[in-house]
2 protein chains.
Amino acid sequence: MDVHVGGVMAAESGRAKRTTYRHGDLRNALVEAGLELAREGGPEAVVLRAATRQAGVVPNAAYRHFADRGALLHAVSQAAMARLARTMEAEQAEQAALPPAPDAAAAARARFRAVGTGYLRFAQEEPGLFRTAFHVPGDMTYAADATAAGGSGKTPFELLGAALDGLVENGLLPEDRRPGAEFLAWSAVHGLAALLVDGPLRGLLPSQAHDAGQHVIDMIERGI
Amino acid sequence: MDVHVGGVMAAESGRAKRTTYRHGDLRNALVEAGLELAREGGPEAVVLRAATRQAGVVPNAAYRHFADRGALLHAVSQAAMARLARTMEAEQAEQAALPPAPDAAAAARARFRAVGTGYLRFAQEEPGLFRTAFHVPGDMTYAADATAAGGSGKTPFELLGAALDGLVENGLLPEDRRPGAEFLAWSAVHGLAALLVDGPLRGLLPSQAHDAGQHVIDMIERGI
DNA sequence: CCCACTTGTGGACATCGTACACATGGGCAG
DNA sequence: CTGCCCATGTGTACGATGTCCACAAGTGGG
């Protein structure tokens, strides 16, 4: 998993000094720095020179690993998407552990709701990363990219699909309603997330936001 | 309505030369130029120097009318929001003119659906302006701002609220479901718009996008 | 008629992305 | 073990952007 890393010494400011000429893991270091920048400030805060500075390297060194700033931003975006996937998975695990032993249908329903709840939680807790994850430059089918997957190897989109399949298997969703259902559910949840992150619902208290999320998921269950 | 405008002469490139020392309507000219930039390229394409260039003025002149680039972008964003409102109003007018003479309930329902359809049409036809309209810097309650209103004096958010009131008046929506309903509807439609504009649904054919929109609005009517 | 206030100009600076030539040294061929 | 190659990091430079400051030019009110 881990790569050979050149000796690194902390320095005065954010800059990292290193003893070896080679960095050893620059690409990862740049993505990591980019994530930190994106966390506070969103995609536009992912500045190439700032990332290289934090990695203790000259700006141009980035070009050995990324074609341009856009490529770096894209890598950061994928990493942010992976974090979203992990948050969703964590929410599912948490929900599954809570109630003693519900029937299979209730479990499938809980898994479905956890997908949306986790999505919304990530949007609130990490608005910068959320916006970065969905900052799509040019044309893209990122949802299928493995670099956007979480611990289970599934991307956010795939997690949603699996949860919907679970609803069908347990008779909670008619089979003829299944096709295209991910886009209905995703639209509603993503829309609320957008309104919470940088729309008129920004600044809602976490509890209020949670309630709003449950309402939206209620609507999805009724209307899907 | 129109202000005194200094004589303006077309020049070689996008630059506009003028005969008078004063421009006469720089603020509007800058917003107009900003809209053009935003149309192709979204919010990040609203570059202060480019806007002043198109207005035939030196970059610093913008600072007589806007505190900084952010203020200009905000004005452009409000203007884009107003255009969204106009598109929604146009969609409502068109729908109202189509069928011969439906009953009041059907009309209310059509008005409601037109809100969403117009919203989605604008997102597809003017993705750059759509993204700019929802590019909200800092904290903001733009939905209530009059500069974001369309021809009827209503902002997009207010148009939605009025349509929902219409549903209640005609018994199509239980009164106890009314509170907060705008956020449910808005979330779903806005989410689809986001997926269409720069998400995985980008590049959908207009007809496919229209169908997806109708499906989402169906879901809202069922689940609201 | 004249002066003050608004609006546009000119020049300067820090920062950013990026191109091109050059330095370095790690690892593989022999 | 030795020497060279090329991946990786450095230096220098350029154009573009946002923004600051001092200055110029009209314009309209007294």
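Below, each value reflects all heavy atoms present in this structure, side chains not excepted, and no hydrogens, waters or symmetry copies. Order of the sequence lines sets the chain letters (A, B, ...), proteins ahead of strands, with each chain counted from 1.
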S.K.: Please report, rounded to the nearest Å, how far the P atom of D:dG18 is from the CG atom of B:Leu37.
M.R.: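 These atoms are roughly 10 Å apart.
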S.K.: Without decimals, in angstroms, what is the distance between A:Phe66 CZ and D:dA7 P?
M.R.: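 That distance rounds to 18 Å.
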S.K.: Which nucleotide wins on minimum distance to the side chain of B:Arg49, given the candidates C:dT9, C:dC20, D:dG18?
M.R.: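 For the B:Arg49 side chain, the nearest candidate turns out to be D:dG18.
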S.K.: Heavy-atom distance under 4.5 Å between the side chains of B:Tyr119 and B:Thr87, does that happen here?
M.R.: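 They are not in contact (no side-chain heavy atoms under 4.5 Å apart), so the answer is no.
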S.K.: Whole-Å distance between C:dA14 C1' and A:Arg53 CZ?
M.R.: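 Going from CZ in A:Arg53 over to C1' in C:dA14 covers 11 Å.
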S.K.: Calculate the interatomic distance between B:Asn60 atom CG and D:dC21 atom C1'; express it in whole Å.
M.R.: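 Spelled out: CG on B:Asn60 to C1' on D:dC21 is 9 Å.
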S.K.: Rounded to the nearest angstrom, tell me the gap between atom CG in B:Asp68 and atom C1' in D:dC21.
M.R.: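 About 17 Å, once rounded to whole Å.
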S.K.: Provide, to the nearest angstrom, the distance between the CG atom belonging to A:Leu48 and the P atom belonging to D:dG9.
M.R.: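 Roughly 13 Å, once rounded to whole Å.
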S.K.: Given D:dG11, C:dT18, D:dT19, which nucleotide is nearest the side-chain atoms of A:Tyr63?
M.R.: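 So the nucleotide nearest the side chain must be C:dT18.
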S.K.: Under 4.0 Å between a Lys/Arg side-chain N and an Asp/Glu carboxylate O for A:Glu32 and A:Arg83?
M.R.: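 Here A:Glu32 pairs with A:Arg83 in a salt bridge, since their nearest N and O are under 4.0 Å apart.
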S.K.: Grab the CZ-P distance between A:Arg27 and D:dG9 for me, whole Å please.
M.R.: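 About 13 Å, once rounded to whole Å.
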S.K.: Can you identify which nucleotide, out of C:dT18, C:dT9, D:dT10, has its nearest atom closest to the B:Val57 side chain?
M.R.: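 That would be C:dT9.
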S.K.: Applying a 4.0 Å non-hydrogen cut-off, can you work out what B:Val47 is touching in the nucleic acid: base, sugar-phosphate, or nothing?
M.R.: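 Since only primed, P, OP1 and OP2 atoms lie under 4.0 Å of B:Val47, the category is sugar-phosphate.
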S.K.: Looking for any heavy atom pair under 4.0 Å, which part of the strands does B:Arg64 touch: base, sugar-phosphate only, or nothing?
M.R.: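 The answer is base, as B:Arg64 lies within the cut-off (heavy atoms under 4.0 Å) of a base atom.
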S.K.: Classify the ring geometry between A:Phe130 and A:Phe134 as parallel (under 30°), tilted (30 to 60°) or perpendicular (over 60°).
M.R.: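 Answer is tilted, since the angle falls between 30° and 60°.
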S.K.: Quick one: which of C:dT7, C:dT9, D:dG18 gets closest to the side chain of B:His65?
M.R.: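 Nearest listed nucleotide: C:dT7.
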S.K.: Does a donor on one side chain sit under 3.5 Å from an acceptor on the other, for B:Glu91 and B:Thr117?
M.R.: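 Their side chains do not contain a donor-acceptor pair, so the 3.5 Å distance test is not met.
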S.K.: Got B:Ile220 and B:Phe112 here, is their nearest side-chain heavy-atom distance under 4.5 Å?
M.R.: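 Yes; the side chains approach each other to less than 4.5 Å.
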S.K.: Once you round it to whole Å, what is the distance between C1' of D:dT10 and CG of A:Leu26?
M.R.: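 Those two atoms, CG and C1', are 12 Å apart.
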